Asker: 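Handing you a structure now.
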Amino acid sequence: MKRRTLLAATGAAGLATVALGGPAFARPAGRRPSVALVPLDDRPVNTYCAEMTGASADAEVLLPPRNLLGRFFTPGDGAGIARWLDSVDGVDGYVISVSMLAYGGLIASRTAAPALADALRNLEAIRRLRARRSDAVIEVHDTIQRLAITSTGTDLDNYRDLLVQWAKLYDQVVNLGQESLRGQLDAVRARIPDAVVEDYLAARARNHQVNRLMVEWVADGTISHLVLSEDDTAPVGLARAERVELEALVARLGVGDRVEIFPGADEVNALLVARVVAAGAMPTYRVEYAGVSGEGWTAALEGIPFAENIRRHVTSVGGRVVTGDADIVLAVNTPSASAGQRAADLDAFVGRIGELLAAGTPVIVVDPLIVNKGDHDLVSRMESRLDLLALLSYSGWNTGGNALGLALAHGTARWAYLRSSGSGFGVPELRGPAQAHAEYLLYRFVKDDPWKNVVQVEAYAHARAQGWDPLALTAEQKHYFDGWVRDRLVPLTERYFADHFAERKLVLGVRGRRTFTATLDRVTAVRVELPWDRLFEVTLEPSLRLR
C-alpha cells in the first residue's frame, strides 16, 4: 500500500515560511508576467519545460511560431526568428538561444554548414532589440560546442567516438604539453578522414567566435546577462581549451558578474525563464548531499566539481548558495563513499528531506547521479515515504547539469510565486499556476524514472529486435512507436497519478495566516508522442483536474 499520510499538511507549513517578504516580481495589475523565449530547439526539454516552469509561477512563455523552430536534422529558420523577435514587445524579459537564432538549433550548430555571415546577420536582432528597448531584460544563452558530433545513423557515426578521443588527446598534447600522448594522438587522427576533422574544427571555430562576440555584447550593454553552457564536456578536450579562453575574456572585460560558464545546455532555457519571473526575489540555497560532498565529485560528462556547478547555476537563476539558514534546500543525490553504504545513505537522505518538509523548509531534489535517468533507488524511497507534492521540484533527466538546472528552475519559479501569493491579486488566479505545478511534477517523476528506466529500455530492445536503429527511426517506424509508447505511457502516467498524487492537497497560495488549497482529482488527458524520429526522448503532457 502506498503511504499518503506523512506529509499531508507540511506543504502548507512550508508556505507560511515562503510567503514572507515582498513580491518576487512587479507588474501592472491584472497582467500576467510574460517572457519571450527563443528556445535551443523544439524538443520538450527546451519548450514544454520552460513553458511549465513559467506556468507554475503564473508567467506566460511566448515562443516563435512552431514552423520556424525546425525539427531534428531540419534547422530552424534563424532569419524568420529574428523577424519574430523584432515584432515581440510588452514582455517582462527575453530569453534567447544563440544556437537557434544564429544557426537554427543545437544540432545545426554542431556542423560547419551554417555560414558565419548568416549567423551574424541573424544575431543583429539582439542589437535591434536593445536599440528598441533600452531597458529590456535580455537573457542570452550560447553553447560551447560539445566534444561529440550528433549521431546521424550514417557512416559519420563511425567517427563519433574517435573524434572525442582525438579532441581530448589534442588538448592534452598541444595545449597542456603532455608529449607522452603524442603517439596516441597521431594514431587516432590517422583513423579519421580529413573532411570529417575539417568540418568539426570549422564548426568549433565559428561557434567560438560567436561565443566571444556574445561576451563582448555583455560588456557593451547589448546583453543583460549571458550563460555559456558546456554541452557534454569533460575535464580535458577542445571544449576545455575554449572555455579557458572565454573565462580569460570575461575577466579581461570585467563582466564576471553578468556571465556564467558551466556544464549543461538543455536546462538553460528554463533556468533563464525562472530568472526573469523570480527577478528581485534573490533566494538563498543550502545544499545537502545524499552521499559524498559535491566539492569532491564531478558528474559524468562534466569538467568541474558538482558543488561548483551548483554555485554557477544558482547564480544564473539569481540566487546564492549559503551554509546556514536558507530560503530553499537543494537536496542533491551524490554517490556514496562505498557501495555497501548506499542503502543507508539513501534512507538517511530521504528521511532528512521528510524532516525538512515537516519543518516547513522548501526543498528541491536534484538527482544527477546517473546519466540520462533518475536513480530508481532514490525515487522509490521518496514515493513510499514522502508526499511528492510537498516538494518544490525534482529532476533526474540526462546530465548532471541538466538535472540540476531543470529542478532549480521549476523550484525557484514556484517558490518565488508562492512568496508573492499574498500580494492581493485574487485567490481564483492561484488555481492555474498550482495545476501547472502539479502537472509538471507528475511529468518529471514519470519521465525521469519509469519512462527512462522501464519503458524506454523496452522500446530500445523492441526496436533492435526488429533491426531498427532506436536513434534513427524512419517515418513509418516513428509512427509505429508513437502508438507503441502511447499505449504504455498513458496508463502508466494514470497509475502513477493514482498512486502518488490523487486526493492529495495542493497548496495554491498563502494570504496572511490563511493557506488556500485544492484537491487533486483526476487525470483528464495525457498527450504522448515522440518529438523526433528517435526513442531518446518523449513528449508527455498530462492534464489534471482540481476540485
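Model, not experiment: these values are computed from the prediction.
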Asker: Salt bridge or not for R121 and D118, using N-O below 4.0 Å?
Answerer: yes
Asker: For R522, does its backbone N or O pair with a side-chain atom of R545 as donor and acceptor, under 3.5 Å?
Answerer: no
Asker: Who are the salt bridge (Lys or Arg N to Asp or Glu O under 4.0 Å) partners of K478, not counting sequence neighbours?
Answerer: D482
Asker: Do R414 side-chain atoms and S393 backbone N/O form a donor-acceptor pair below 3.5 Å?
Answerer: no
Asker: If I take atom CZ from residue F501 and atom CG from residue L506, how far apart are they, to the nearest 0.5 angstrom?
Answerer: 9.5 Å
Asker: Does some side-chain heavy atom of T233 sit less than 4.5 Å from a side-chain heavy atom of E242?
Answerer: no
Asker: How far apart are the closest heavy atoms of N269 and V95, and which atoms are they?
Answerer: O-CG1, 4.2 Å
Asker: A side-chain contact here means heavy atoms from C-beta on lying under 4.5 Å apart; do E139 and V276 qualify?
Answerer: yes
Asker: Treating E439 as the side-chain partner and L544 as the backbone partner, does any N or O pair qualify as donor plus acceptor under 3.5 Å?
Answerer: yes
Asker: For D533, enumerate each residue passing the salt bridge (Lys or Arg N to Asp or Glu O under 4.0 Å) test, keeping only those at least two apart in sequence or located in another chain.
Answerer: R71
Asker: Can you tell me if R206 uses its side chain to pair, donor with acceptor, with the backbone of T111 under 3.5 Å?
Answerer: yes
Asker: With side chains defined as the heavy atoms from C-beta onward, is the minimum distance between V255 and L226 less than 4.5 Å?
Answerer: no
Asker: Say you draw a straight line from CG of L106 to OG of S97; how long is it, rounded to the nearest 0.5 Å?
Answerer: 7.5 Å
Asker: Side chains of R130 and S224: any donor to acceptor distance under 3.5 Å?
Answerer: yes
Asker: With distance as the sole test, does R204 use its side chain to make a donor-acceptor pair with the main-chain N or O of R146 at under 3.5 Å?
Answerer: yes
Asker: How would you list, by chain and number, every residue that makes a ring pair (Phe, Tyr, Trp, His ring centres under 6.0 Å) with Y460, sequence neighbours excluded?
Answerer: none
Asker: Looking only at the aromatic ring of each residue, does the gap between the centers of W415 and Y285 stay below 6.0 angstrom?
Answerer: no
Asker: Of the non-hydrogen atoms in L147 and A234, which two are nearest, and what is the gap between them?
Answerer: CD1-CB, 4.0 Å
Asker: Atom CG of residue position D89 - does it have more than 12 heavy atoms of other residues, nucleotides or ligands inside 6.0 Å?
Answerer: yes
Asker: Are the side chains of I81 and N122 in contact, using a 4.5 Å heavy-atom criterion?
Answerer: no
Asker: Give a yes-or-no answer on whether the side chains of E260 and S316 include a donor-acceptor pair shorter than 3.5 Å.
Answerer: yes
Asker: Is a side-chain donor-acceptor pair under 3.5 Å present for Q145 with H208?
Answerer: no
Asker: For the side chain to side chain contact (heavy atoms under 4.5 Å, CB included) test, which of D142, V140, V98 pairs with L228?
Answerer: D142
Asker: Cation-pi check for F536 against K452: NZ or CZ below 6.0 Å from the six-membered ring centre and within 45 degrees of the axis, yes or no?
Answerer: yes
Asker: When you compare the side chain of N211 with that of V215, does any pair of heavy atoms fall below 4.5 Å?
Answerer: no
Asker: In Å and rounded to the nearest 0.5 Å, what is the CG to CZ distance from D92 to R32?
Answerer: 11.0 Å
Asker: To the nearest 0.5 Å, tell me how far H141 NE2 sits from L272 CG.
Answerer: 7.5 Å
Asker: With side-chain contact (heavy atoms from CB on, under 4.5 Å) as the criterion, how do R133 and V91 come out once you've worked through the C-alpha distance, each side chain's angles and the decisive distance to 0.1 Å?
Answerer: CA-CA 11 Å; R133 290 197 59 186; V91 295; 4.1 Å; yes
Asker: Step by step, would you call R127 with D220 a side-chain contact (heavy atoms from CB on, under 4.5 Å)?
Answerer: CA-CA 11 Å; R127 290 280 210 187; D220 70 17; 2.9 Å; yes
Asker: Please report the shortest heavy-atom distance between A57 and P33, naming the atom on each side.
Answerer: O-CG, 4.4 Å
Asker: V88 and R132: which non-hydrogen atoms are nearest, and at how many Å?
Answerer: O-NH2, 2.8 Å
Asker: Using modelled atom types and a 3.5 Å cut-off, is there a donor and acceptor pairing between side-chain atoms of S229 and backbone atoms of G264?
Answerer: yes
Asker: Nearest 0.5 angstrom please: L85 CG to I96 CD1, how far?
Answerer: 5.0 Å
Asker: Holding to ring pair (Phe, Tyr, Trp, His ring centres under 6.0 Å), I want the full list of residues that pass it with Y200, two or more places apart in sequence or in another chain.
Answerer: none
Asker: Under 3.5 Å, side chain of R488 to main-chain N/O of P491, donor-acceptor pair present?
Answerer: no
Asker: Check salt bridge (Lys or Arg N to Asp or Glu O under 4.0 Å) between D449 and all other residues, then give those that pass, not counting sequence neighbours.
Answerer: none
Asker: Tell me the closest heavy-atom pair linking P283 and T412, and the distance in Å.
Answerer: CG-CG2, 4.2 Å
Asker: Is S420 reaching over with its side chain to a backbone N or O of Y417, donor-acceptor style, under 3.5 angstrom?
Answerer: yes
Asker: Does a sphere of radius 6.0 Å around CD in Q466 hold more than 12 heavy atoms from other residues, nucleotides or ligands, not counting ones at 6.0 Å or beyond?
Answerer: yes
Asker: How long is the span from the CG atom in L389 to the CG atom in L442, to the nearest 0.5 Å?
Answerer: 9.0 Å
Asker: So, applying ring pair (Phe, Tyr, Trp, His ring centres under 6.0 Å) with Y443, which one of W397, F497, Y48, Y496 is it?
Answerer: Y48
Asker: Would D367 and R444 count as a salt bridge (Lys or Arg N to Asp or Glu O under 4.0 Å) if you check the C-alpha gap in whole Å, the side-chain angles of each, and the deciding distance to 0.1 Å?
Answerer: CA-CA 11 Å; D367 189 4; R444 284 258 63 97; over 6 Å; no
Asker: Specify the closest pair of heavy atoms between A436 and M52, including all atoms of both residues, with the distance to one decimal.
Answerer: O-CE, 3.3 Å
Asker: Please examine the side chains of Y103 and N207, heavy atoms only from C-beta on, and report whether any two atoms are closer than 4.5 Å.
Answerer: yes
Asker: Using side-chain heavy atoms (C-beta onward) and a distance below 4.5 Å, is N46 in contact with M100?
Answerer: no
Asker: Hey, would you say the H410 and Y440 ring centroids sit under 6.0 Å apart?
Answerer: yes
Asker: If we ignore hydrogens and angles and just use 3.5 Å, is the side chain of E494 paired with the main-chain N or O of V523 as donor and acceptor?
Answerer: no
Asker: With a 3.5 Å distance limit and no angle check, can you tell me whether R486 reaches the backbone of R527 through a side-chain donor-acceptor pair?
Answerer: no
Asker: If you define the side chain from C-beta out and look only at heavy atoms, does anything of V196 sit under 4.5 Å from L163?
Answerer: yes
Asker: If you look only at pairs with a residue in residues 63-102, which of them pass as a ring-ring contact (aromatic ring centres under 6.0 Å, His included), with sequence neighbours excluded?
Answerer: F72-W532
Asker: Show, in sequence, the C-alpha distance, side-chain angles and deciding distance for H313 and N309, and conclude whether the side-chain contact (heavy atoms from CB on, under 4.5 Å) test is met.
Answerer: CA-CA 6 Å; H313 274 77; N309 203 9; 3.0 Å; yes
Asker: Please evaluate residues D157 and R160 with respect to the criterion salt bridge (Lys or Arg N to Asp or Glu O under 4.0 Å), reporting the C-alpha separation (whole Å), side-chain torsions for both, the decisive distance (0.1 Å), and the verdict.
Answerer: CA-CA 5 Å; D157 290 357; R160 191 170 184 267; 5.7 Å; no
Asker: Step by step, would you call D231 with R110 a side-chain contact (heavy atoms from CB on, under 4.5 Å)?
Answerer: CA-CA 11 Å; D231 183 18; R110 295 172 182 161; 2.8 Å; yes
